[in-house]
Structure formats: structure tokens, C-alpha cells
Amino acid sequence: RLVFDRARDGGFRLWGHCESCRRQTSPWDDEYFKWVVQVVHPILHSDRLGLRSGLAGELQDVRPGRFIRAAAAGMTALAEGLFTTHREFVDAVRTGQPWMPVGSMRVLLAVTPNAQRPGFEGGHQGVAVLKDGSTQPTISAAIHFPPFSILLAEQELASCVPHADCTSWLSMGVNELHSRFPVQLPAVQTHGSMLTFTGSFQGATI
């Protein structure tokens, strides 16, 4: 269930999860911030600062299944109606149980320079009208907040954006620990709306 403007100080005044789902998923946020720290350090302290087109390496002592659910949990609130159209996906995020992705919804991830302006958008099952009058399906949800750019998108759109598909991490449980976990994430910057995939994302350097 989604509620509007949760009645507590500091709320975003946006669509958010009900208290039950919030309590279930918020304990995983610590893993999200752990990844932020491990990703930001090599970006800022690299001798190739500003020259790389992405980030490749290994993260230490991380739980990818917990991270991807923490990242996707916020996205499910932006993608209004996702529970109806992709219930198995939402349940996999909400419960934390290992789940082999069988549906069409994909979780896409990239890194982004700190100079990029944060952005949050939701357009699940939407249609974008382009300048030439043609239409495109929109990305279901997008959170662009350095150092990460995270998208929820139907499988047919996944190849149209320069993000890495990390949906398979949902097959790991929230407590599955990896002492060394390889990651390879492209760097992106936004251009206009993040929900349309033509011209919305460009390559960036970090």
C-alpha cells in the first residue's frame, strides 16, 4: 500500500510506503550507505579522477541482495501501480527472500559524478511524446542521486540506457555476505527527463 504525505516530521510529501512496508525494508538502508562509501572513495581518490568512463573493481564484505532491495524499495513507491503489474518483483524486494527474476522488470544501476543534480521521477506504464510527435514507453522509476543512478524499467528498455542490469542480485538473500564482490558500472549524466530513454542519459567521466 502507498500513502500520501506520511504524517511525521521530515517527510518528503510524496508517495511513500505504508508503515508496515517501510519497517520491513528500512533496515537494509545501512547496506546502501555502505556501498556509497565504498564507491565514493575510489572515485574521489583515484589518480585517474575525471578520466574514467565507469567504475570497475571489487567491493569488500558486502551483501548485494540487501543493497539491491534497499535501492529498489524506494523505486517501488515512485512506480505507482507496480504492485499490480509486477507483484512477484515487489514481493521479492519487500520480503528479502531470494528470488530468481522471471518477469520483465529490471533494476539498472550506474554511477554518476557528484556535480550532477539529484532527480526523482516515476512513470510506470506511461508514454512520452517526443518532439517529432512519436511516442515511447517511459522508464517506470528513476532515482539519480550521486554516486548512483538507479532505474526500474521494462526489459525491452534496458538495452536502451547505458546502465548495468543488476536484477540478478535479487537471487541473493539479504544476509548473503560476499567478501569480494565484482562490480562494473558505467558512468552516466542526465539530460532532460530521465523517464524517456532517447537522449536522457549520456556518457560521463568520473
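All values below come from the heavy atoms of this structure, side chains included, with hydrogens, waters and symmetry mates left out.
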Who pairs with [X] by side chain to side chain contact (heavy atoms under 4.5 Å, CB included), at least two apart in sequence or on another chain?
X: F33; value: D29
X: Q202; value: Q189, H191
X: T95; value: Q97

Of all residues at least two apart in sequence or in a different chain, which pass the side chain to side chain donor-acceptor pair (under 3.5 Å) check with [X]?
X: S179; answer: none
X: R66; answer: N175
X: D91; answer: R94
X: E176; answer: H178

Taking the side chain as C-beta and beyond, is there a heavy-atom pair between [X] and [Y] under 4.5 Å?
X: M105; Y: L82; result: yes
X: V62; Y: E31; result: yes
X: F67; Y: L109; result: yes
X: V36; Y: F148; result: yes

Taking only residues at least two apart or on different chains, which pairs with a member in residues 101-112 satisfy salt bridge (Lys or Arg N to Asp or Glu O under 4.0 Å)?
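For residues 101-112, and leaving out neighbouring residues, the salt bridge (Lys or Arg N to Asp or Glu O under 4.0 Å) pairs sorted by first residue read R106-D165.
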Give me each pair satisfying ring-ring contact (aromatic ring centres under 6.0 Å, His included) with a member in residues 96-117, each pair once, sequence neighbours excluded.
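For residues 96-117: none.
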Quick one: side chains of residues 37-51, donor-acceptor pairs under 3.5 Å with protein atoms, not counting sequence neighbours, listed by atom name and distance.
from, atom 1, to, atom 2, distance (Å)
Q38, OE1, Q60, N, 3.0
Q38, NE2, Q60, O, 2.8
S46, OG, R48, N, 2.9

Checking K34 side chain against D61 main chain: does a donor-acceptor pair fall under 3.5 Å?
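Flag set: sc K34 to bb D61 pair under 3.5 Å.
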Can I get a per-line list of side-chain donor-acceptor pairs under 3.5 Å for residues 151-164, giving both atom names and the distance, sequence neighbours left out?
from, atom 1, to, atom 2, distance (Å)
E154, OE1, S104, OG, 2.5
E154, OE2, H86, NE2, 3.2
H163, NE2, S149, OG, 2.9

Applying ring pair (Phe, Tyr, Trp, His ring centres under 6.0 Å), name anything that partners W169, two or more places apart in sequence or on another chain.
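Once residues adjacent in sequence are excluded, the partners of W169 under the ring pair (Phe, Tyr, Trp, His ring centres under 6.0 Å) criterion are W35, F181.
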Counting only heavy atoms not in F145, do more than 12 fall under 6.0 Å of its CZ?
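Open.
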Hey, what do you get for CD1 (I139) to OG (S193), rounding to the nearest 0.5 Å?
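Spacing of CD1 (I139) from OG (S193) equals 8.0 Å.
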